[in-house]
Amino acid sequence: VEPDVWDYIISEVRKIKPDAIFIGESFMCPPETMIRMGESGFDYIFSSSKWWNYEGDWLLEQYNQTKDYIASISFPDNHDTDRLIKTCNYDYELFLQRIKFTALFSKGFYITDGLEFACENKFMVDTTRAKDLEKTQYNFMDDIKEILEIKSKYKPLHEESNTEILHNDNKYICIKKSYENQTVLIIINKTHSKVKVKLRKHKLIDKNQLVNGKKKRRI
């Protein structure tokens, strides 16, 4: 679809419904296409954070090139992918880590029905209905609620923020997100063991300000 078509459609719809929200599918598009979508009036595009394995700079390069022109929505799984619990090979710690990472990466976040119960049946766009929701022995609603409360509390996590990698090795990755006068560090353990993190810039974060909300907890 040519950009001029969207320019027209979005402007005309907003004359009728000013609060209409337009979300654009931009998977595999170059950054300049995403920027042009923002100029047409799209409110959001979908982030590719679901596919990032914490290696390489491609996700942050894409994000930082487009964030000032159009906001993005991250997701841990959707109708085009296998359910998250299956892609995590039923590793429930990894499952929660991927939910938390995608929740905090972009301004927007969405989940498909059943993620909170670790459902494994793939969605079908035209046939899946509410009655198809599986019954499982798991319930991660409190975990999702907690991470969304953290997201709501800090501006860098619910706005499109300046994002950079401060450290990345085979043990952990440290991501810095800044917006206005707030800075958040996201530290992700890439192993199945405990990892010790040494914060050399001691004024960057205080032990009473960890985003998990638990005071005086050692990293």
Side-chain angles (χ1 to χ4, degrees), residues 1-52 58-84 98-117 119 121-133 141 144-163 177-180 182 184:
V1 178
E2 292 296 323
D4 290 348
V5 176
W6 288 117
D7 293 345
Y8 173 76
I9 292 174
I10 293 174
S11 63
E12 290 299 307
V13 169
R14 288 217 165 105
K15 291 177 184 178
I16 303 167
K17 188 173 177 57
D19 59 348
I21 294 175
F22 286 84
I23 304 174
E25 174 61 84
S26 58
F27 186 63
M28 298 296 287
C29 291
E32 52 268 25
T33 299
M34 302 177 192
I35 291 171
R36 181 65 178 85
M37 292 169 73
E39 293 172 347
S40 291
F42 279 95
D43 299 280
Y44 294 92
I45 53 175
F46 289 109
S47 169
S48 298
S49 56
K50 186 242 178 331
W51 289 276
W52 195 48
W58 64 267
L59 177 65
L60 269 68
E61 288 178 355
Q62 180 188 90
Y63 176 82
N64 286 320
Q65 283 180 306
T66 59
K67 67 179 178 62
D68 294 330
Y69 302 93
I70 188 167
S72 59
I73 298 173
S74 287
F75 53 90
D77 64 17
N78 72 359
H79 62 275
D80 287 326
T81 71
D82 285 333
R83 297 311 299 257
L84 180 63
R98 293 305 299 183
I99 291 174
K100 292 175 180 180
F101 167 69
T102 50
L104 301 182
F105 184 76
S106 295
K107 179 176 181 176
F109 177 61
Y110 94 77
I111 62 174
T112 44
D113 281 351
L115 182 81
E116 66 272 38
F117 305 123
C119 291
N121 290 344
K122 186 175 180 179
F123 266 71
M124 303 301 292
V125 175
D126 53 349
T127 59
T128 298
R129 299 293 183 267
K131 63 180 177 61
D132 299 316
L133 190 67
M141 294 177 79
I144 295 172
K145 180 180 178 181
E146 180 185 26
I147 201 66
L148 292 179
E149 287 173 347
I150 292 172
K151 182 179 181 69
S152 299
K153 187 175 180 180
Y154 298 98
K155 287 184 179 180
L157 303 179
H158 63 252
E159 298 289 351
E160 297 291 13
S161 54
N162 293 318
T163 303
K177 291 180 75 68
S178 302
Y179 186 86
E180 293 180 347
Q182 289 189 358
V184 172

Drop me the distance from [X]'s [atom1] to [Y]'s [atom2], to the nearest 0.5 angstrom.
{"X": "F123", "Y": "D82", "atom1": "CZ", "atom2": "CG", "result": "13.0 Å"}
{"X": "K67", "Y": "E159", "atom1": "NZ", "atom2": "CD", "result": "11.5 Å"}
{"X": "T128", "Y": "D126", "atom1": "OG1", "atom2": "CG", "result": "8.0 Å"}
{"X": "Y63", "Y": "S74", "atom1": "OH", "atom2": "OG", "result": "8.5 Å"}
{"X": "L133", "Y": "K131", "atom1": "CG", "atom2": "NZ", "result": "11.5 Å"}
{"X": "F75", "Y": "I99", "atom1": "CZ", "atom2": "CD1", "result": "14.0 Å"}

Can you confirm whether the side chains of [X] and [Y] place a donor and an acceptor under 3.5 Å from each other?
{"X": "E160", "Y": "S106", "result": "no"}
{"X": "N78", "Y": "K50", "result": "no"}
{"X": "S72", "Y": "S47", "result": "no"}

Output a table of donor-acceptor pairs, distance under 3.5 Å, between side-chain atoms of residues 18-32 and any protein atom two or more places apart or on a different chain; print 'none' if there are none.
{"unit_1": "D19", "atom_1": "OD1", "unit_2": "K17", "atom_2": "NZ", "d": "3.3"}
{"unit_1": "E25", "atom_1": "OE2", "unit_2": "F27", "atom_2": "N", "d": "3.0"}

Hey, are the side chains of [X] and [Y] touching, using non-hydrogen atoms and a 4.5 Å cut-off?
{"X": "N162", "Y": "K177", "result": "no"}
{"X": "Y179", "Y": "Y154", "result": "no"}
{"X": "S161", "Y": "K155", "result": "no"}

Side chain of [X], backbone of [Y]: donor and acceptor closer than 3.5 Å?
{"X": "E39", "Y": "M37", "answer": "no"}
{"X": "N64", "Y": "T163", "answer": "yes"}
{"X": "R14", "Y": "G41", "answer": "yes"}
{"X": "H158", "Y": "S152", "answer": "yes"}
{"X": "D77", "Y": "L84", "answer": "yes"}
{"X": "K107", "Y": "A71", "answer": "no"}

Which pair of heavy atoms, one from [X] and one from [Y], lies closest together, and at what distance?
{"X": "Q62", "Y": "S48", "answer": "OE1-OG, 3.9 Å"}
{"X": "I144", "Y": "L115", "answer": "CD1-CD2, 4.4 Å"}
{"X": "T127", "Y": "M124", "answer": "OG1-CB, 3.1 Å"}
{"X": "A103", "Y": "F109", "answer": "CA-CD1, 3.4 Å"}

Salt-bridge contact K122-D132 (side-chain N to carboxylate O under 4.0 Å):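 So K122 does not pair with D132 through a salt bridge.
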Set of ring-ring contact (aromatic ring centres under 6.0 Å, His included) partners for F101, sequence neighbours left out: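 Only W52, Y54, F105 meet the ring-ring contact (aromatic ring centres under 6.0 Å, His included) criterion with F101.
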Can you name the side chain to side chain donor-acceptor pair (under 3.5 Å) partners of [X], sequence neighbours left out?
{"X": "E2", "value": "none"}
{"X": "E149", "value": "none"}
{"X": "S178", "value": "T183"}

Stepwise side-chain contact (heavy atoms from CB on, under 4.5 Å) check, F42 with M34: CA-CA 9 Å; F42 279 95; M34 302 177 192; over 6 Å; no
Over 12 foreign heavy atoms within 6.0 Å of CZ, F117: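 More than 12 within 6.0 Å, yes.
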Residues forming a side-chain contact (heavy atoms from CB on, under 4.5 Å) with D4, sequence neighbours excluded: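 With neighbours one apart ignored, the set is D7, R36.
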